[in-house]
Amino acid sequence: MTVAAQTEVAAPPVTSGRRIASVLLHDMGALISAAFLALIVLMAICAPLISAITGHGPNDFDPAAIDTDLGGVPRGSLGGIGAEHLLGVEPQNGRDILARIAYGARVSLLIATAATVLTTLLGVVLGMLAGFHRGWADQLICRLMDFLMAFPALIFMIAILSSLPQGNKPVLLVVVISVFGWPYLARVVRGQTMTLVNREFVEAARASGASTGALVFKEILPNLRSSLVVMTTLAVPGYVGTEAGLSFLGVGVTPPTPSWGQMIANSVNWYAVDPMYFAIPGAFLFGTVLSLTVLGDRLRAAFDAGDAS
């Protein structure tokens, strides 16, 4: 046997994680999306540091940055963009847009991530319970899923959030989004669990005396990993957009807490005189949702390529 052949035989197999990482590292769209998302996450984490460096908090008014004689239009071109305010200021009050974008990123990402975690937890637990045990549990969970999926979710989110006390709106947003979001994941998990529960390796484990917990956590759940990773990755951009939409409609995050959707809503009356007030938060929202969607799609394609090979 040659040295090359010995090396080839001795080489360890490429793990699924390493293979997927290799695929994503050679995908320009995935790299650009990951870089933009890293920037957004860094801005969210470092929001207090950004305010400290620039000297402008998210709710600090700067009367010198606006022209009161013109109704509060930012001084200078492009909405007041300059060395003092790198992304300009809001009309009428002079609040720094960079600071509000950074703090708004923190709010949007926290709500979207928390909603995704709660949705995934509910969807996996109830979906696996329905698919594994069948019978009355399956019937009860399926009817609950059908009931929630029959509602026009956005309309009922607006109605529920409008009727609830103001309280802690971010927490309410997470709960309401999760209540209407988990059935879609649970339906997929149920279908895959019903397929896996009759596979040979599960039957063999059952015949060897494995407990229900061992069957669920050692045999079935690991085989749902790729689907769960892809679905949760694709769920995050949807929840970012949902939070922004609800804030835009006035039932999401309430002032003075910054929110991208809230900023876009406030810019409606300033399109003609200060288009940058709309363009900047709109560009950040669009870029974040697009990057999350592209990264989730590339991740799905990488998993599919691995399953096909």
Side-chain angles (χ1 to χ4, degrees), residues 15-17 19-21 110-151 153 156-157 160 171-240 242 292-293 295-309:
T15 62
S16 176
R19 177 186 56 78
I20 291 171
L110 281 176
I111 290 175
T113 302
T116 301
V117 170
L118 184 55
T119 298
T120 302
L121 182 63
L122 290 172
V124 170
V125 170
L126 295 176
M128 291 188 68
L129 182 62
F132 188 84
H133 287 292
R134 310 282 185 90
W136 66 267
D138 185 27
Q139 291 296 318
L140 179 62
I141 294 172
C142 283
R143 298 294 78 77
L144 181 59
M145 288 192 293
D146 293 339
F147 176 76
L148 290 173
M149 293 173 71
F151 283 106
F156 277 86
M157 286 182 190
I160 292 171
V171 174
L172 293 176
L173 279 168
V174 170
V175 172
V176 171
I177 291 173
S178 300
V179 166
F180 287 98
W182 72 263
Y184 299 93
L185 176 61
R187 188 172 290 277
V188 174
V189 171
R190 171 183 175 272
Q192 293 192 349
T193 301
M194 291 174 65
T195 301
L196 291 169
V197 78
N198 294 320
R199 296 283 294 274
E200 293 81 1
F201 62 90
V202 177
E203 293 292 346
R206 184 182 284 114
S208 66
S211 64
T212 300
L215 291 175
V216 170
F217 291 104
K218 293 184 178 180
E219 305 296 337
I220 296 177
L221 190 57
N223 286 280
L224 297 175
R225 181 183 58 185
S226 60
S227 297
L228 292 177
V229 169
V230 173
M231 291 195 68
T232 52
T233 304
L234 292 173
V236 176
Y239 295 151
V240 170
T242 299
L292 285 166
T293 303
L295 194 59
D297 185 64
R298 297 296 195 271
L299 193 60
R300 177 191 55 78
F303 274 114
D304 290 346
D307 294 338
S309 60

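It should be emphasised that the depicted structure is a prediction, and the values quoted were computed from it without experimental measurement.
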How long is the gap from [atom1] on [X] to [atom2] on [Y], to the nearest 0.5 Å?
| X | Y | atom1 | atom2 | value |
| --- | --- | --- | --- | --- |
| Tyr239 | Leu173 | OH | CG | 13.0 Å |
| Arg300 | Thr233 | CZ | OG1 | 11.5 Å |
| Met149 | Cys142 | CE | SG | 10.5 Å |
| Ile141 | Met128 | CD1 | CE | 11.5 Å |
| Gln192 | Leu228 | CD | CG | 7.5 Å |
| Leu126 | Leu121 | CG | CG | 8.5 Å |

Inset, instruction - Please confirm whether the backbone N or O of Leu110 pairs with a side-chain atom of Thr113, one donor and one acceptor, at under 3.5 Å? - result: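 No, the answer is negative, given that no donor and acceptor are paired below the 3.5 Å cut-off.
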
Is there a side-chain contact between [X] and [Y] in this structure, where contact means two heavy atoms from C-beta onward sitting under 4.5 Å apart?
| X | Y | answer |
| --- | --- | --- |
| Met145 | Trp182 | yes |
| Leu196 | Leu224 | yes |
| Val124 | Leu221 | yes |

Inset, instruction - Evaluate the criterion side chain to side chain contact (heavy atoms under 4.5 Å, CB included) for residue pair Met157 and Thr242; output intermediate values, then yes/no. - result: CA-CA 10 Å; Met157 286 182 190; Thr242 299; 3.9 Å; yes

Compare every heavy atom of [Y] with every heavy atom of [X], then report the nearest pair and how far apart it is.
| X | Y | answer |
| --- | --- | --- |
| Ile220 | Phe132 | CD1-CD1, 3.6 Å |
| Val230 | Gly296 | CG1-O, 4.3 Å |
| Tyr184 | Met231 | O-CE, 4.2 Å |
| Ser178 | Val174 | OG-O, 2.7 Å |
| Ile177 | Ala115 | CG2-CB, 3.9 Å |
| Asp297 | Leu234 | N-CD2, 3.8 Å |

Inset, instruction - Decide if atom CZ of Phe217 counts as having more than 12 heavy atoms of other residues, nucleotides or ligands within a radius under 6.0 Å. - result: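 No, because the 6.0 Å sphere around CZ of Phe217 holds 12 heavy atoms or fewer from other groups.
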
Legend entry - With sequence neighbours excluded, residues passing ring-ring contact (aromatic ring centres under 6.0 Å, His included) with Phe151: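 ring-ring contact (aromatic ring centres under 6.0 Å, His included) list for Phe151, sorted by chain: Phe147, Phe156.
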
Legend entry - Contacts of Arg187 that satisfy side chain to side chain donor-acceptor pair (under 3.5 Å) - sequence neighbours left out: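 Result, side chain to side chain donor-acceptor pair (under 3.5 Å) vs Arg187: Asp146.
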
Inset, instruction - Using side chain to side chain donor-acceptor pair (under 3.5 Å) as the criterion, list what pairs up with Asn223, not counting sequence neighbours. - result: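 Asn223 satisfies side chain to side chain donor-acceptor pair (under 3.5 Å) with no residue once adjacent residues are dropped.
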
Inset, instruction - Check step by step if side chain to side chain contact (heavy atoms under 4.5 Å, CB included) holds for Glu203 and Asn198. - result: CA-CA 7 Å; Glu203 293 292 346; Asn198 294 320; 4.2 Å; yes

